[in-house]
Chemist: 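Input: one structure, supplied below.
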There are 2 protein chains.
Amino acid sequence: MRLTLYSDYSLRVLLYLSHKEGETVTITELADFYKISRNHLVKVVHNLGINGFIATSRGKHGGIRLARPAHEITVGEVVRYTEPDFDLLECFNPETDQCVITNTCSLKSMLFEARSAFIKVLDRYTLAEAAAKAPSEFRSIPILQG
Amino acid sequence: MRLTLYSDYSLRVLLYLSHKEGETVTITELADFYKISRNHLVKVVHNLGINGFIATSRGKHGGIRLARPAHEITVGEVVRYTEPDFDLLECFNPETDQCVITNTCSLKSMLFEARSAFIKVLDRYTLAEAAAKAPSEFRSIPILQG
DNA sequence: CTAAACATTCATTCGTAATACATGTTATTT
DNA sequence: AAATAACATGTATTACGAATGAATGTTTAG
């Protein structure tokens, strides 16, 4: 279970902008700071603009900045717009589901509930909080690797 | 955000065995019932055996059956053993993390908490419950597709 | 001894995330 | 008006790992 690097990069861009709220930042500056592919960031920034998280301006002295205050944008909201999907099981997508027991097993609703719990946590946190130093780690339940 | 088909198939195998608790079932029977690749199931079953979820017996009249009662095996436990990892962000794996802000941002702890909430829900449900008909859907928080 | 079953390893396919590239559009500056 | 610096947008390529396939080994019942 992973988020895409795309979501990861999207959050990093918004975090950087949160630190410099109000200022205009260029993609090149972001790529240099994070030491990641400028080409990939181009797409990430483009998408963030389309979804209204950032305001973009072209031309000389152009760049990007947060379109809304950092304390009004939740992490959950961002992730919902950047992840391609949240289809945990085959049966989550009725278009492609071919499982023969979809109608008689309740795994789907269990995973639905788990997914909701996941998103709910992320909806409680804003970019402003994420940009602050981590207060502690919430890893109360250890994850075992198979 | 997805689980692997491998985890999906693992759960399906255990669900089938839950329905036939005590009986011995062959991989071929499972593949026929679910109409999925027998080769893939071979691996799934092998892994479930290694991790103690099922008891396997070779030779004529061999097969597999649950190694523990269905009501004692939680969905969360299974998923933890079948998913390759739960590394939601690059910074989740210190071995490969190259993010330059890992130490000053708190996204990691937020995602940790969300992940714990996710697993916690799945730890509440057993295979016995999953094998029963779904009572309802818990989809309280709608997921938007980017 | 044979057949039926799982055990185990290796090889291949395939989807898609990740990346790279090329060209277009806009706006500022001189 | 021209040059430049920035984002916009679409296309192509690469790379990784999940998914699948195949082959051989081992065990057990009859």
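In what follows, every heavy atom counts, from backbone to side chain, and hydrogens, waters and symmetry copies are set aside. What you see is a predicted model, and the numbers here were worked out from it, not measured in a lab.
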Chemist: Measure CD1/A:Ile54 against C1'/D:dA6 and give the value in whole Å, please.
Modeler: 13 Å
Chemist: Is it the case that B:Ser10 and B:Thr82 place a side-chain donor and acceptor less than 3.5 Å from each other?
Modeler: no
Chemist: Rounded off to whole Å, could you give me the CD1-to-P distance for the B:Ile27 and D:dG21 pair?
Modeler: 15 Å
Chemist: Side-chain contact test, heavy atoms from C-beta onward, threshold under 4.5 Å: evaluate it for A:Val78 versus A:Ile73 and give yes or no.
Modeler: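 A side-chain contact exists here, since the closest heavy-atom pair is under 4.5 Å.
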Chemist: 5'-most contact on DNA chain C: A:Leu3 or B:His46, nearest heavy atom basis?
Modeler: B:His46
Chemist: Reading nucleotides 25-30 of chain C from the 5' end, what letters show protein touch, with B for base, S for backbone sugar-phosphate only, - for no heavy atom under 4.0 Å?
Modeler: BBBBS-
Chemist: For the residue pair B:His40 and B:Tyr6, does the interplanar ring angle fall in the parallel (under 30°), tilted (30 to 60°) or perpendicular (over 60°) class?
Modeler: tilted
Chemist: Do A:Tyr9 and A:Leu48 come within less than 4.5 Å of each other through their side chains, counting heavy atoms only?
Modeler: no
Chemist: If we only count heavy atoms from C-beta on, is the B:Leu127 to B:His71 side-chain gap below 4.5 Å?
Modeler: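 Contact flag for B:Leu127/B:His71 side chains = no.
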Chemist: For A:Thr24, check side chain to side chain donor-acceptor pair (under 3.5 Å) against everything at least two apart and list the hits.
Modeler: none
Chemist: Without hydrogens or angle criteria, can the side chains of B:Glu129 and B:Thr126 be said to hold a donor-acceptor pair below 3.5 Å?
Modeler: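 Note: B:Glu129 and B:Thr126 side chains meet the donor-acceptor criterion.
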Chemist: Heavy atoms only: give me the nearest B:Phe86-B:Phe92 pair and the separation to one decimal.
Modeler: O-CD2, 3.6 Å
Chemist: Just how far, in rounded Å, is P of C:dC14 from CG of B:Leu5?
Modeler: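 It works out to 16 Å between those atoms.
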Chemist: If the test is salt bridge (Lys or Arg N to Asp or Glu O under 4.0 Å), which one of B:Lys20, B:Arg65, B:Arg38 qualifies with B:Glu29?
Modeler: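 Option passing the salt bridge (Lys or Arg N to Asp or Glu O under 4.0 Å) with B:Glu29: B:Lys20.
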Chemist: Please give me every residue in residues 30-45 of chain B whose heavy atoms get under 4.0 Å of an atom in DNA chain D, ordered by residue number.
Modeler: B:Ser37, B:Asn39, B:His40, B:Lys43
Chemist: Given atom OH of A:Tyr9 and atom P of C:dA18, what is their separation to the nearest angstrom?
Modeler: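 Going from OH in A:Tyr9 over to P in C:dA18 covers 8 Å.
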Chemist: Once you round it to whole Å, what is the distance between P of D:dC16 and CZ of B:Arg2?
Modeler: 21 Å
Chemist: Rounded to whole Å, how long is the line connecting atom CD of A:Glu23 with atom C1' of D:dA6?
Modeler: 17 Å
Chemist: Just the rounded figure in Å: distance from C1' of D:dT28 to CD1 of B:Ile64.
Modeler: 17 Å
Chemist: Using whole Å, report how far CG of B:Leu48 lies from P of C:dA7.
Modeler: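 Going from B:Leu48 (CG) to C:dA7 (P), I get 11 Å.
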Chemist: Report the nucleotide, chosen from D:dA6, D:dT20, C:dC6, that has the shortest atom-to-atom distance to any side-chain atom of B:Thr26.
Modeler: C:dC6
